[in-house]
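Written below as structure tokens is the structure these notes are about.
Below, read A as the first sequence line, B as the second, and so on, with proteins coming before strands; counting in each chain starts at 1.
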Amino acid sequence: MQKLTVRFFERPTVEVARSLLGKILVHDSEAGVAAGRIVETEAYLFHDDPACHAARGKTNRNAAMFGPPGTAYVYLVYGLHYCFNVVTGKAGEGEAVLVRSLEPLSGLDLMAFRRGNPKTRLLASGPGRLCQALGIGKSQNGADLSAGSLFLAGDGYPEAEIITTGRIGITVAAGLPLRFYMAGNAYVSRK
DNA sequence: TGGCAGATTTTA
DNA sequence: AAAATCTGCCAA
């Protein structure tokens, strides 16, 4: 299993969003290891994308987005759920890929415990659920994904067909084709 | 099964 | 006041 390096993340954001599908997100925490295959992502861009948190400048919340590629950007939505993003592209621009859904691979018991024992399909399907299942929160915001206990890896999983749609849960720029998911995968949050 | 309100931080 | 969400409760 090959850990993804800065090289992977410094490519154009849409390219990273697409090639993250099939890769593995791992959190090796005190409680144990939890990991899943990425099956759904969204890109948030520097140019002409009002839905991007960085579009209205740097704030305390989105500061990590302006860091170097390979940085984790974790923020709170609606006051109670966390969302996990990977900073991509060039440092200072504020582009990122939101990881929306995982197919659980290992640490299923730990994930289920953290999530309150839902059905396996709902363990990490959706950005808030994924963070809860892997134990990702405020303390991972700004983390270097190429060095720490939270990281991404590739295992040679064969490339699957990718479906492109508009992004979910936003009202502005919802029509831009910046959401990507693996065709036919049961863990995609919605079609 | 499907729709809706509520939870609660951050920012404008 | 609205947001890159999820859950439980309600009605049919």
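Counted within 6.0 Å of CD on A:E15, heavy atoms from surrounding residues, nucleotides or ligands total more than 12; the atom is thus considered enclosed. Other residues, nucleotides and ligands place no more than 12 heavy atoms under 6.0 Å from the CG atom of A:D109.
Judged by closest nucleotide on DNA chain C, A:Y44 is the one of A:Y44 and A:L122 placed further toward the 5' end.
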Audit row: A:Y75, A:Y73, ring pair (Phe, Tyr, Trp, His ring centres under 6.0 Å) steps and yes/no: CA-CA 7 Å; A:Y75 70 92; A:Y73 167 44; 5.2 Å; yes
Test side chain to side chain contact (heavy atoms under 4.5 Å, CB included) applied to A:I24 and A:L152, step by step: CA-CA 6 Å; A:I24 300 173; A:L152 293 134; over 6 Å; no
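Geometric assessment of A:R167 against the ring of A:F180 yields a negative cation-pi assignment under the 6.0 Å and 45° thresholds.
Heavy atoms of A:R115 sit under 4.0 angstrom from primed sugar atoms or phosphate atoms, though from no base atom. Nucleic acid contact for A:N85: base, since at least one base atom lies under 4.0 Å from a heavy atom of the residue.
Taking 4.0 Å as the cutoff to heavy atoms of chain A, we find the contact window on DNA chain C bounded by C:dA3 to C:dT7.
Side-chain contact, A:S19 with A:R11: a donor N or O sits under 3.5 Å from an acceptor N or O.
C:dA4 sits 22 Å from B:dG3 when the P atoms are compared, rounded to a whole Å.
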Dot-bracket line, read 5' to 3' along DNA chain C, where crossing pairs take [ ] and | marks a partner on another strand, Watson-Crick or G-U under 3.5 Å: |||.|||||||.
Pairs under 3.5 angstrom, nitrogen or oxygen only, protein versus nucleotides 7-9 of chain B, please.
unit_1 : atom_1 : unit_2 : atom_2 : d
B:dT8  : O2     : A:Y78  : O      : 2.7

